[in-house]
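Right, one structure below, let's go through it.
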Amino acid sequence: MLLFALLCWAPASLESGSPSIATQQRTLSLRRAFLGLDKCNACVGTSICKKLFKDHIRFDWWIAPEQAVPLDERQIILGNLTDDSMSWRPILLAFLSSPHQHNLSDCFICRSAGRRGPCSIEAVLRATPRFQRWRQSHLLLPHMVQGLAPPLLRCPSQRLLDRVVRRYAEVADVGSLQMKHFSEKDKLRLLFTLAVSQQPLILQMFPSTEGWPFPRYHGACGRLMVWTGSRPLSGLYGASMEQRVDAAYQLIQLTQGLGSNSLGFRLYYTRLEEDMFGVSWDGKMVISDASTLGVLDLVQGIPPDPPSPSGPEEDVFSCLGQAVSPCARPPPCSSVRPSQSFSLLCTHLLPKLLLPTRERQAGHEFDTQTDHLASGVPLLLRVCADTNQPDWKILWAVQALKDSLRPLRPCHKDYAYKYPECRYDQGY
């Protein structure tokens, strides 16, 4: 009887344990596909995969992928990260592009090789003449990125490309100007990232720890990137006047810093949307989306604008982020004016922060909350936003607007990025 009982019990025990293993394998498979690890090395990197698979990073879909609702076209995901399993801090997780755009790009890669169905994306990209040039070079040279669509690479100098390589955080040995320590998979990942989205590279090249107004880059896993979270700027539109004044002042100040800094790089806006900016926990403004920033080298100068690739000069990497050919490209670097970023700022964001709703929409009435600052602000904003004005006049209007906002900024503990230092500043 005992033997019969054991024989009957053993299969049941094995069967009860097998669903758990199958569930774990299914979850792992879903997670790998979600991250795009099955597409590496056509991906960003793997520097933060360990934290993800140890559950040191959490977000709704990741906790129970089998029961979770599909994320559809969500490119940005809110999550939390921990280093000690005790304290958690907010982060943003983002794909290089939306899932739909990634699918289009993958199909675009296969079609470029004459394949109508699924193919080995990595094999196709490795076989391209551009990657063969990358594989044979220890330096990232301007001709190796010519024709790529991101505005960072519209007219790059050698000094800018050296900084891309030196700050690239998805390799073990960071800090070298040469790519001798890059494996072929490292080079393919860097090239793929440059072709699809410059966002992770900007965060690495100009880190917040050195005073740049960008969130901290934590790493990548597959096609998913992770950086420090922030609150959207649009949340301030209904806030008190002092909060909006502080946000407007910060926007002007950080834009000035982008255009004039000790490194001799001018970072400028190619277009402006409110979701580009966020507010960190200490009240400091950050550029949470740097994918549309252009960069000019003021030290080595602006090289001649290269011709737009077309026909035989265009390759699969040229339009990879848009999955169409020919793709849209930023205007020539020679057309970038010193006042371009400020005109965009005064057109799209500052009126939403500084002018009451009815002033923005139709008339020139002002509510009581803005009476004390409205007299000169609308005029300065109009001058600043008018691209027909000469650069000097737009820059003058911006500085005059900044000077008028400075004494109206708040100084208390809710603004930890400047408190208590602001108590001893006579400008407040």
Side-chain angles (χ1 to χ4, degrees), residues 29-47 49 73 75 94-150 152-153 156 161 164-165 168 170-171 179 182-201 220-225 291 306-329:
S29 178
L30 286 172
R31 286 178 169 181
R32 287 182 59 84
F34 173 80
L35 295 170
L37 285 171
D38 55 333
K39 304 293 177 62
C40 278
N41 293 296
C43 62
V44 189
T46 56
S47 60
C49 288
E73 289 305 295
Q75 190 176 340
F95 290 100
L96 278 175
S97 57
S98 69
H100 175 66
Q101 186 66 39
H102 273 309
N103 290 334
L104 289 178
S105 296
D106 293 343
C107 293
F108 181 70
I109 293 171
C110 293
R111 287 199 307 271
S112 72
R115 312 286 178 83
R116 294 190 176 183
C119 68
S120 171
I121 295 172
E122 180 175 348
V124 172
L125 296 180
R126 281 178 176 269
T128 59
R130 187 190 292 268
F131 181 71
Q132 294 305 311
R133 292 196 295 271
W134 274 63
R135 190 176 64 84
Q136 297 167 8
S137 177
H138 292 317
L139 289 173
L140 183 55
L141 303 172
H143 76 271
M144 295 165 61
V145 298
Q146 183 174 333
L148 298 184
L152 170 68
L153 303 173
L161 296 180
V164 171
V165 174
Y168 185 52
E170 296 297 329
V171 293
M179 297 190 290
F182 280 43
S183 64
E184 287 194 10
K185 71 176 184 180
D186 294 329
K187 290 184 177 181
L188 182 57
R189 290 175 180 179
L190 176 56
L191 174 55
F192 182 83
T193 305
L194 281 169
V196 178
S197 175
Q198 65 187 41
Q199 167 78 4
L201 299 172
C221 186
R223 292 177 170 180
L224 188 73
M225 309 165 288
S291 61
S308 296
S310 59
E313 296 181 359
E314 187 177 90
D315 68 357
V316 65
F317 289 101
S318 299
C319 303
L320 197 54
Q322 302 175 39
V324 293
S325 179
C327 53
R329 299 187 177 278

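All values derive from a computational prediction rather than experimental measurement. Sequence positions, counted from 1, serve as the residue numbers for this chain.
Using a 4.5 Å heavy-atom cutoff, the side chains of Pro142 and Leu161 are in contact. Side-chain contact between Phe192 and Phe131: absent, with no pair of heavy atoms (C-beta onward) separated by less than 4.5 Å. Looking only at side-chain heavy atoms (C-beta outward), Leu191 and Leu148 come within less than 4.5 Å of each other. Between Asp315 and Pro129, the closest side-chain pair of non-hydrogen atoms is not below 4.5 Å.
For the atom pair CG of Leu224 and CZ of Arg31, the computed distance is 12.5 Å after rounding to the nearest 0.5 Å. Atom CD of Gln198 is separated from atom CG of Leu153 by 7.0 Å, given to the nearest 0.5 angstrom. Separating the OG atom in Ser105 from the NE2 atom in His100 is a distance of 9.5 Å, to the nearest 0.5 Å. Going from atom NZ of Lys185 over to atom CZ of Arg126 covers 10.0 Å, rounded to the nearest 0.5 Å. Rounded to the nearest 0.5 angstrom, Asn41 CG and Arg189 CZ are separated by 4.5 Å. A distance of 11.5 Å separates CG in Leu125 from NZ in Lys39, rounded to the nearest 0.5 Å.
A donor-acceptor pair under 3.5 Å is formed between the side chain of Trp134 and the backbone N or O of Met144. At least one donor-acceptor pair closer than 3.5 Å links the side chain of Arg130 to the backbone N or O of Gln146. Formation of a donor-acceptor pair under 3.5 Å by the Glu170 side chain with backbone atoms of Asp186 is not found in this model.
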Going through the checks in order, is the side-chain contact (heavy atoms from CB on, under 4.5 Å) test met by Leu190 and Val171? CA-CA 10 Å; Leu190 176 56; Val171 293; over 6 Å; no

Pair Ser137, Arg133 - check side-chain contact (heavy atoms from CB on, under 4.5 Å), show working. CA-CA 6 Å; Ser137 177; Arg133 292 196 295 271; over 6 Å; no

Go through it in stages, so that I can follow the logic: the residues are Cys221 and Leu37, the test is side-chain contact (heavy atoms from CB on, under 4.5 Å), and I'd like the CA-CA distance, side-chain angles, deciding distance and then a yes or no. CA-CA 7 Å; Cys221 186; Leu37 285 171; 4.0 Å; yes

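Between Cys40 and Cys43, the gamma sulfurs sit within a distance below 2.5 angstrom.
Between Asp106 and Arg223, the shortest heavy-atom contact is OD1-NH2, 3.0 Å. Between Pro118 and Cys110, the shortest heavy-atom contact is C-SG, 4.1 Å. Here the closest heavy-atom approach between residue Glu184 and residue Arg135 is recorded as OE2-CD, 2.9 Å.
Around the CZ atom of Arg115, the shell of radius 6.0 Å holds no more than 12 heavy atoms that belong to other residues, nucleotides or ligands.
With sequence neighbours excluded, no residue forms a salt bridge (Lys or Arg N to Asp or Glu O under 4.0 Å) with Arg32. Partners of Tyr168 under the ring pair (Phe, Tyr, Trp, His ring centres under 6.0 Å) rule, at least two apart in sequence or in another chain, are Phe182.
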